[in-house]
Amino acid sequence: MGIKWRHWTLPAALLALVLPAATACTSGTPEEKPKPSAKPTESGARSPVARVCDKPSDGPKKAPKGAVTVDPKVVNDLAAKTKSHPAGTTFWLRPGKHRLDAEKYAQVIPKKGDRYLGAPGAVLDGRKVNQYAFGGTATHVVIRHLTVQGFVPPQNEGVVNHGSGDDWVIEHSTIQRNSGAGMMTGARQRIRANCLRDNGQYGINGYKDGDTARDLVVEDNEIVGNNTDDWERKQPGCGCTGGMKFWAVNGADIRGNWVHDNRGVGFWADNNNNDFRIENNLFESNDGAALMYETSYNAVIRNNTMRHNNWVGSRKSAKRGDSFPYATIYVSEAGGEPRVKARTDKLEIYGNLLDNNWNGITLWENANRFCNSPANTSTGECTLLVKDVDRCARPAIAKAPLYDDCRWKTQRVDIHDNRFVLDKSVVKCTDKCDRMGLLSLYGTYPKWSPYKAEKVAKAIARKQGNRWHDNEYQGAWKFVVEDQSKVVDRDAWQDTPYKQDAGSTFGRKAGG
């Protein structure tokens, strides 16, 4: 009944990126969770924010012609009628609370092309008994105008499209207060104008067994308050939470979403994702980073607004004396790779507004993390360039091409025409919230590693085509370069050997 899931543990230095708040998903004082601002900005999201949860779109009040009516007074009516009718049937759910049999594996198993339309007030309720709402592997299933709540899948599994069927369309629905993930994904899935709220682990778990998820669209959704079960505290460093997380997805458009107040990271692409376009979203008041792009390839991150993110986890790490520059946009062992086919051959970050977050953008590469290394937290996985992990061994790994291809490289990252605003009186910080990062750690492990000492630190900072330029800075900013101990001012950042932020403007009027 489950799916394949790979357990990846984060290094201790990165835990605060995903550590949740101590209480509910909207925990914190009013000052820590400011209300959204509608003030337009020169950079950032161009589209109206997707306020879906407070203003859901109503479904049809009467059964469409030819539809099968589902009665909430009859327990399991939806599952039974789905089973008894042919593929391609439209089901209209009357107003009221629909229930499945009181057995944990009871679920709806759609046939190809089945359509489920909820009337105003139609709810499918798992009653904390059923694990899954919609399962199976049928294709071209449509779900609209339906509230799905109260299901209890195991960790890392999902409620809607549990079997990761391809070509599903899920629109104008509310998926809330479930355990696990609100939904899984198949290839070519369309997720539009939904409220994905207060789920135990993720709003969306973007993974399909066999690494075959591709060409996803996630558009105009409100994704709020997820990770209510506080998994990072239960399993420290599990890397298993977020508003939405994607694994090995090839091609995705993430646009026009309001991703806010999640207990951890807002958006997280982790392990061999490729060709993402993330644009016109509002990321707001997430406890961790607004956006993480990790061990992945080729993306465009543009015209997003990111406001008041990363305060909770980073404040905790600062109190512990941690000097790592936890960031609002965090790029970890990820970048552009022309040999992996995509709509771009870079990781381009431009046109974004970063407004009073904890830190800005960090580009990071762990010198000890590569294929076949005991320090590789993506256990058993290798890059898209060398799929056979065993090839990355001595002596071959010390020479071309494996020296480069066995490592996920933070390279070809182009950061330009963004606006970075920092007022420390708003963020309520005095130190460690005002940084950009371009760094690695000192390579030490394992003994046979060809990446020891400062090789990776110097490569990421000087040789791998990572560039900041033509940005606007308001407030006082610092720059962490090569390693955590090297914090420089803008003059050193712009001077040889780094030569960063050519054409950028710096001012202090935002405070700090």
Short N-O contact, K478 and D489, less than 4.0 angstrom: no

Does atom CZ of R391 have more than 12 heavy-atom neighbours from other groups under 6.0 Å away? no

Is any side-chain N of the basic residue among K208 and D166 closer than 4.0 Å to the acidic one's carboxylate O? yes

If only side-chain N and O atoms count, and only distance matters, is there a donor-acceptor pair under 3.5 Å linking D423 with N356? no

I'd like to know if K346 and D414 make a salt bridge, using a cut-off of under 4.0 Å between side-chain N and carboxylate O. yes

May I have the step-by-step check of side chain to side chain contact (heavy atoms under 4.5 Å, CB included) for I460 and N466, ending in yes or no? CA-CA 7 Å; I460 189 176; N466 299 312; 3.6 Å; yes

Side chains of W247 and N272, donor plus acceptor under 3.5 Å: no

Flag yes if more than 12 heavy atoms outside K486 fall under 6.0 Å of its NZ atom; otherwise flag no. yes

Pair T377, R369: side-chain N/O donor-acceptor within cut-off below 3.5 Å: yes

I'd like to know if the side chain of Q155 pairs up with that of W231 as donor and acceptor (distance under 3.5 Å, no hydrogens or angles considered). no

Angle between ring planes, Y330 versus F324, binned at 30° and 60°: parallel, tilted or perpendicular? perpendicular

Can E279 and R277 be counted as an ion pair, charged N to O under 4.0 angstrom? no

Any non-hydrogen side-chain atom of L347 less than 4.5 Å from a side-chain atom of V331? yes

Going by the side chain to side chain donor-acceptor pair (under 3.5 Å) test, name the single residue among T241, N178, N156 that passes it with Q201. N156

N309-N286 side chain donor-acceptor pair, cut-off 3.5 Å: yes

Does the pair D253/R343 count as a salt bridge with the N-to-O cut at 4.0 Å? yes

Relative to the ring of Y403, is the ring of Y451 parallel (under 30°), tilted (30 to 60°) or perpendicular (over 60°)? tilted

Option among Y207, Y293, F267, W268 that satisfies the ring-ring contact (aromatic ring centres under 6.0 Å, His included) test with F246: F267

Under-2.5 Å SG separation for cysteines C392, C406: yes

Strictly below 4.0 Å, N to O, side chains only: are E482 and R462 in salt-bridge contact? yes

Taking the six-membered ring of Y473, is NZ or CZ of R490 closer than 6.0 Å to its centre and within 45° of its axis? no

With the side chain counted from C-beta on, respond yes when T185 and V218 share a heavy-atom pair under 4.5 Å apart, and no when they do not. no

So does R419 pair up with D355, basic N to acidic O under 4.0 Å? no

Donor on one side chain, acceptor on other, D275 and N250, under 3.5 Å: no

Flag for T410-E333: side-chain donor and acceptor within less than 3.5 Å: no

